Amino acid sequence: MILVTGASGFVGSRLCERLVQDGVAVRPVVRQARVGAYQVKSLDADTDWSGALSDVTEVVHAAARVHVMDEVALDPLAEFRKVNVEGTLHLARQAAVAGVKRFVFISSIKVNGEQTAPGHPFRADDAPAPMDPYGVSKNEAEQGLLAFAHETGMEVVIIRPPLVYGPGVKANFAKMMATLARGVPLPFGLVDNRRSLVALDNLVDLITVCLRHPAAANQIFLAGDGEDLSTAQLLRRLADALGRPARLLPVPIGLMSGVARLLGKKAFTQRLFGSLQVDIEKNRQCLGWVPPVSVDDGLRRAAAHFQGLRQ
């Protein structure tokens, strides 16, 4: 039996579908009551997991307090720690007591940092360098889990994905599809950065491998599609997936960056203009894993779902 937290979320829901398709017994955990799922009302140091962990052999912990662009908490790090650190370690402690053999933790590339120089990707075994409260909390959870694995013998696997896209994706990626679908001109024709993404089905496939592969125990893996795109390339290929032209204007990056700073949007422009690449070679060497879905197939799946919702 595999316990999946965050089972109603973007990644957790698709993972549960995949595990069921593979004939694996799954116990989904959700915050809001749902037929066929186990409900927990909080994810902190006080949550009682004893009922949920009965007969469970592996845990995939995908639930988290997620990163948001417009944080409103007075002490964001304290709020992230309650869920992402204290809640995670509390679950892991009870899982070890219950006899769980392996604990797969869905972390974030933000543990590595926010930006890479082109051609110098993050690697799984790089020293952590988180820059914001969310990344700090994920790093602290990782360190606690690895220490806990050493103490208890429960195997821990950590997966750090970059931006995940696919059917049902929301937030900025969904806004980008909506903008392209309307044919709105965008000023990103000169952007020549490099960013790694991961298709939802690629991430889910990596998780399923990490659940069972002997060599995954107590390792850290980065997730990715194996092909990095500039912002301009992503927009053109996503527009193609939508069956729409990409109207990209050649506006100088310096001009756009200056305007963004005046508007207080520096972090947003870093994602548009900066590079963030991940090296997934360790996945191939250690697990024999390569992404089963190409970038273009992943974009087509996301686009098809988006267009189906609009019809």
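All values below were derived from every heavy atom in this structure, side-chain atoms included, with hydrogens, water molecules and symmetry-related copies excluded. For clarity, every value in this text was computed on a predicted model and none was experimentally measured.
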* Is the shortest heavy-atom distance from the side chain of Asn139 to the side chain of Gln143 under 4.5 Å? -> yes
* **Test item: Ser54 side-chain N/O and Gly51 main-chain N/O as donor-acceptor pair under 3.5 Å** => no
* Heavy-atom distance under 4.5 Å between the side chains of Val24 and Arg212, does that happen here? -> yes
* Salt-bridge present (Asp44, Lys82; N to O < 4.0 Å) -> no
* Asked: Can you tell if the side chain of Lys170 reaches within under 4.5 Å of the side chain of Phe10, non-hydrogen atoms only?
  -> no
* So do Pro161 and Ile109 actually touch side chain to side chain, heavy atoms under 4.5 Å? -> no
* To do: State plainly whether the residues Arg236 and Asp240 are in salt-bridge range, i.e. N to O under 4.0 Å.
  => no
* Does the side chain of Pro28 come within less than 4.5 Å of Val4's, by heavy atoms? -> no
* To do: Would you mind telling me which of Leu206, Val60, Val157 makes a side-chain contact (heavy atoms from CB on, under 4.5 Å) with Leu211?
  => Val60
* To do: Indicate yes or no for a side-chain donor-acceptor contact from Ser107 to the backbone of Ile158 under 3.5 Å, with no hydrogens or angles considered.
  => no
* Quick one: do the Ser294 and Asp296 side chains pair a donor with an acceptor below 3.5 Å? -> no
* Got a second to check how far Leu287's CG is from Gln285's CD, nearest 0.5 Å? -> 10.5 Å
* **Shared hydrophobic cluster, Val56 / Leu145 (ILVMFWY, side-chain heavy atoms < 4.5 Å)** => yes
* To do: Using the rule that two of Ile, Leu, Val, Met, Phe, Trp, Tyr join whenever any of their side-chain heavy atoms come within less than 4.5 Å, decide whether Val100 and Val29 are in one cluster.
  => yes
* Might you work through the side chain to side chain contact (heavy atoms under 4.5 Å, CB included) test for Met176 and Thr179, ending with a clear yes or no? => CA-CA 5 Å; Met176 184 166 57; Thr179 301; 5.8 Å; no
* Asked: Is it true that Asp201 and Arg18 make a salt bridge, defined as a side-chain N closer than 4.0 Å to a carboxylate O?
  -> no
* To do: Return the minimal non-hydrogen interatomic distance between Ile106 and Lys138, and the atom names on each side.
  => O-NZ, 2.9 Å
* Linked, directly or transitively: Val293 and Leu15 (ILVMFWY side chains, under 4.5 Å) -> no
* Would you indicate whether the side-chain heavy atoms of Val295 and Leu197 approach each other to under 4.5 Å? => no
* Side chain of Gln94, backbone of Asp48: donor and acceptor closer than 3.5 Å? -> no
* Asked: Hey, quick one: are Ile280 and Leu203 part of the same hydrophobic cluster, counting side-chain heavy atoms closer than 4.5 Å, chains of contacts allowed?
  -> yes
* **Separation of Met177 CE from Phe306 CZ (nearest 0.5 Å)** => 6.0 Å
* **Donor-acceptor contact present, side-chain Asp192 to main-chain Ser230, <3.5 Å** => no
* Determine the sole option in Met131, Arg160, Glu140 for which the side-chain contact (heavy atoms from CB on, under 4.5 Å) test with Val111 is passed. => Arg160
* To do: Would you name the heavy atoms of Gly224 and Val278 that are closest together and state the gap between them?
  => CA-CG2, 4.4 Å
* Is a side-chain donor or acceptor of Gln39 paired with a backbone partner of Arg31 at a separation under 3.5 angstrom? -> yes
* Asked: Is there a donor-acceptor pair closer than 3.5 Å between any side-chain N or O of His90 and the backbone N or O of Thr47?
  -> yes
* Locate the shortest heavy-atom distance separating Cys210 from Ile159; write the atom from each residue and the value. => SG-CD1, 3.9 Å
* **Expected output: side-chain Asn193 to main-chain Gly274 donor-acceptor under 3.5 Å** => yes
* To do: Evaluate the side chain to side chain contact (heavy atoms under 4.5 Å, CB included) criterion for residues Asp132 and Phe80: first the C-alpha distance (whole Å), next the side-chain angles of each, then the deciding distance (0.1 Å), finally the verdict.
  => CA-CA 10 Å; Asp132 67 3; Phe80 280 119; over 6 Å; no
* To do: Give a yes or no on whether Asp22 atom CG has more than 12 heavy-atom contacts from other residues, nucleotides or ligands under 6.0 Å away.
  => yes
* Take Gln32 and Ser8 through the side chain to side chain contact (heavy atoms under 4.5 Å, CB included) test and state the conclusion after the steps. => CA-CA 9 Å; Gln32 302 294 327; Ser8 60; over 6 Å; no
* Hey, are Arg300 and Asp297 close enough for a salt bridge, meaning a charged N less than 4.0 Å from a carboxylate O? -> yes
* **Which atom of Gly168 lies closest to which atom of His305, heavy atoms considered** => N-ND1, 3.2 Å
* **Least distance between heavy atoms, Ser137 atom then Val85 atom** => O-CG2, 3.2 Å
* Asked: So, does Lys282 use its side chain to make a donor-acceptor pair with the main chain of Ile220 at under 3.5 Å?
  -> yes
* To do: Rounded to the nearest 0.5 Å, what's the gap from OG on Ser196 to CG on Leu276? Could you check?
  => 7.0 Å
* **Value rounded to 0.5 Å, distance of CG in Leu53 from OH in Tyr38** => 8.5 Å
* Asked: Which pairs pass ring pair (Phe, Tyr, Trp, His ring centres under 6.0 Å) with one or both residues in residues 185-237, sequence neighbours excluded?
  -> none
* Check whether any side-chain heavy atom of Pro121 lies under 4.5 Å from a side-chain heavy atom of Arg194, and answer yes or no. => no
* **Leu222 side, atom CG; Asp279 side, atom CG - distance, nearest 0.5 Å** => 7.5 Å
* Asked: Between CD1 of Ile2 and CZ of Arg102, what distance do you get to the nearest 0.5 Å?
  -> 10.5 Å
* If only atom types and distance count, is the side chain of Thr57 paired as donor or acceptor with the main-chain N or O of Met1 below 3.5 Å? -> yes
* **Minimum side-chain heavy-atom gap Val11-Ile207 below 4.5 Å** => yes
* **Common cluster, Leu242/Leu299, ILVMFWY with side-chain heavy-atom separation under 4.5 Å** => yes
* To do: Considering non-hydrogen atoms only, spot the tightest contact between Leu43 and Ala63 and give its length.
  => CD2-CB, 3.7 Å
* Asked: For Ala181, does its backbone N or O pair with a side-chain atom of Arg244 as donor and acceptor, under 3.5 Å?
  -> yes
